[in-house]
Number of protein chains: 2
Amino acid sequence: MKSKDEILRERILSGADRLFQKYGLSKTTVEDIAREAGKGKSTLYYYFKSKEEIFDVIIQNEKKLFFEILQESVSKAPTAKEKLHVFIITRFTRLKELTNLYNVMIDEVKEALDGCVTLRYRKQYEQKEANIVKSIFQYGIVTGEFRVFSDEDLDLMAFCFMSSQHGLEIDMIIHNKLDEMLSRLNFLMSLLIDGIKK
Amino acid sequence: MKSKDEILRERILSGADRLFQKYGLSKTTVEDIAREAGKGKSTLYYYFKSKEEIFDVIIQNEKKLFFEILQESVSKAPTAKEKLHVFIITRFTRLKELTNLYNVMIDEVKEALDGCVTLRYRKQYEQKEANIVKSIFQYGIVTGEFRVFSDEDLDLMAFCFMSSQHGLEIDMIIHNKLDEMLSRLNFLMSLLIDGIKK
DNA sequence: AATAGAACAATATCGTATTTTGGTCTAATA
DNA sequence: TATTAGACCAAAATACGATATTGTTCTATT
């Protein structure tokens, strides 16, 4: 049974989530968020330190949800190979639904390419992705599906696997071929799996 | 023996190349380029239709040079596997030297991520890259190094190989690890090669 | 034929006024 | 006392008119 505080807090967050999805962080005002929650601005500041904190909580929540879903679906697959494919499919399907998390990832790429590296969210996000992939590798080694690699190589491989998926995504965006995205992500993952299997 | 026209034309181009490298296309004025060539603006318009054409010629020249160098170094390697590694090393080494070409590639990624897909240069550039990689695959099949793939799969593989390299580059830029770039590019290529070899 | 320099319209920049915005604070309300 | 509204504030953003800059054209000159 949630307290009154928590109910209102979540009302503010879900309203803000919708606004950020629609208008982005910069175009959504604190006044907008207050109105959406049916409260005054002061009330927002009672519950949150700043607009930035509201956004941060939303992103952290989406990230938490994303990785819970990802981890759950991966854990259900019986083989490491299947886990990797499930990882790709689930990641692709679910990340797009979490619009604010997705947008933040893209924004940080753009910032980095502009020579402005802040990485508020992406570093930790990518680390979590790579950790899941690494644990799948380790599982695959235990089951005998994959060759044995050093821990250092596993880290490197996880990074490279994910970077290659990121690259494919970006290139598909560039070439406006979003409908082929999932099949190509899977194709690439199959190639990479072929590179590490026994 | 070059004609006077060609000498002056190349003087304009090399001056403009330096200016574009330093200031970029938008911040380099036609007046700048004229001054660098020691001529008036009108003279520039005698030889080139517009500032944009000067830039285009420079990019096309850099691209031509880049692919000649790439093709030459690849053709010297004896095995398909070595060709792929030479491709990666040469590509990495030489593209960075061709500043204007490199900058145009990055700019087009940024534009695409902004939802504005123009692709003045990148599409053809990527097609050429993929063609070289595909021909290396075909060579590797002939020499017996790689498994046999359909032509369609070869196209897809070439695209995916290059996209994965692009992704690694972008992620290294994002994480500010440019010093590790080449080793990781080679590491990823090795994984991918392992995925296609007999 | 090759070149300079003036002219032009479109675009960019700049300074200033005005509005908006995130956040603070006090008083009111439940 | 906890929660909330609304006034206020300084900084940031925006709008706008004036001015400068820029890419290009065109005419006259060499």
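First the proteins, then the strands, lettered A, B, ... as listed; each starts at 1.
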A:I33 atom CD1 is separated from D:dA5 atom C1', nearest whole Å, by 18 Å
Between CG of B:L19 and P of D:dG23 the distance, given in whole Å, is 12 Å
When rounded to whole Å, the OH to C1' distance for the pair B:Y23 and D:dT21 reads 17 Å
Q. Do B:N186 and B:S183 have a side chain donor and acceptor closer than 3.5 Å?
A. no
Can you tabulate the close N/O pairs, meaning under 3.5 Å, that link protein atoms to atoms of nucleotides 23-28 of chain C?
residue : atom : partner : partner atom : Å
C:dG23  : OP2  : A:Y45   : OH           : 3.1
C:dG23  : OP2  : A:K51   : N            : 2.8
C:dG23  : O6   : A:K41   : NZ           : 3.0
C:dC25  : N4   : A:S42   : OG           : 3.4

Sorted by chain and number, sequence neighbours left out, side-chain hydrogen bond (donor to acceptor under 3.5 Å, both in side chains) with B:S14 holds for none
Tell me whether B:T28 contacts the main-chain N or O of B:L25 through its side chain, where contact means a donor paired with an acceptor under 3.5 Å.
no
| said: Mind checking if A:K27 touches a base, just sugar-phosphate, or nothing, with heavy atoms under 4.0 Å? | reply: sugar-phosphate
Check: If you measure only the distance, is there a donor-acceptor pair under 3.5 Å linking the side chains of A:T143 and A:E145?
Finding: yes
Pick base, sugar-phosphate or nothing for A:L8, based on heavy-atom distances below 4.0 Å to the nucleic acid.
-> sugar-phosphate
Rounded to whole Å, the CD-C1' distance (A:E31 to D:dC8) equals 14 Å
### Query
Do the side chain of A:R122 and the main chain of A:M105 share a donor and acceptor less than 3.5 angstrom apart?
yes
Here the distance between atom P of C:dG22 and atom CZ of A:R35, to the nearest Å, is 11 Å
**Message:** Using a 4.0 Å heavy-atom cut-off, does B:S26 contact any base of the nucleic acid, only the sugar-phosphate backbone, or nothing at all?
**Reply:** nothing
(request) Pick base, sugar-phosphate or nothing for B:I54, based on heavy-atom distances below 4.0 Å to the nucleic acid. (result) nothing
> A:Y47 near the nucleic acid: base, sugar-phosphate alone, or nothing, with a heavy-atom cut-off under 4.0 Å?
Replying inline: sugar-phosphate
Quick note, A:T43 side chain, CB onward, closest among D:dT4, C:dA4, C:dG22 is D:dT4
Heavy atoms only, 4.0 Å cut-off, all strands: where does A:D5 land among base, sugar-phosphate and nothing? sugar-phosphate
To the nearest angstrom, the CZ-P distance between B:F48 and D:dG23 comes to 15 Å
* To do: Ignoring backbone atoms, test whether A:K39 places a side-chain nitrogen or oxygen under 4.0 Å from the OP1 or OP2 oxygen of D:dA5.
  => no
Any donor and acceptor pair, going by atom type alone, linking the side chain of B:R9 with main-chain N or O of B:F48 inside 3.5 Å? no
B:K123 meets the side-chain hydrogen bond (donor to acceptor under 3.5 Å, both in side chains) criterion, sequence neighbours left out, with none
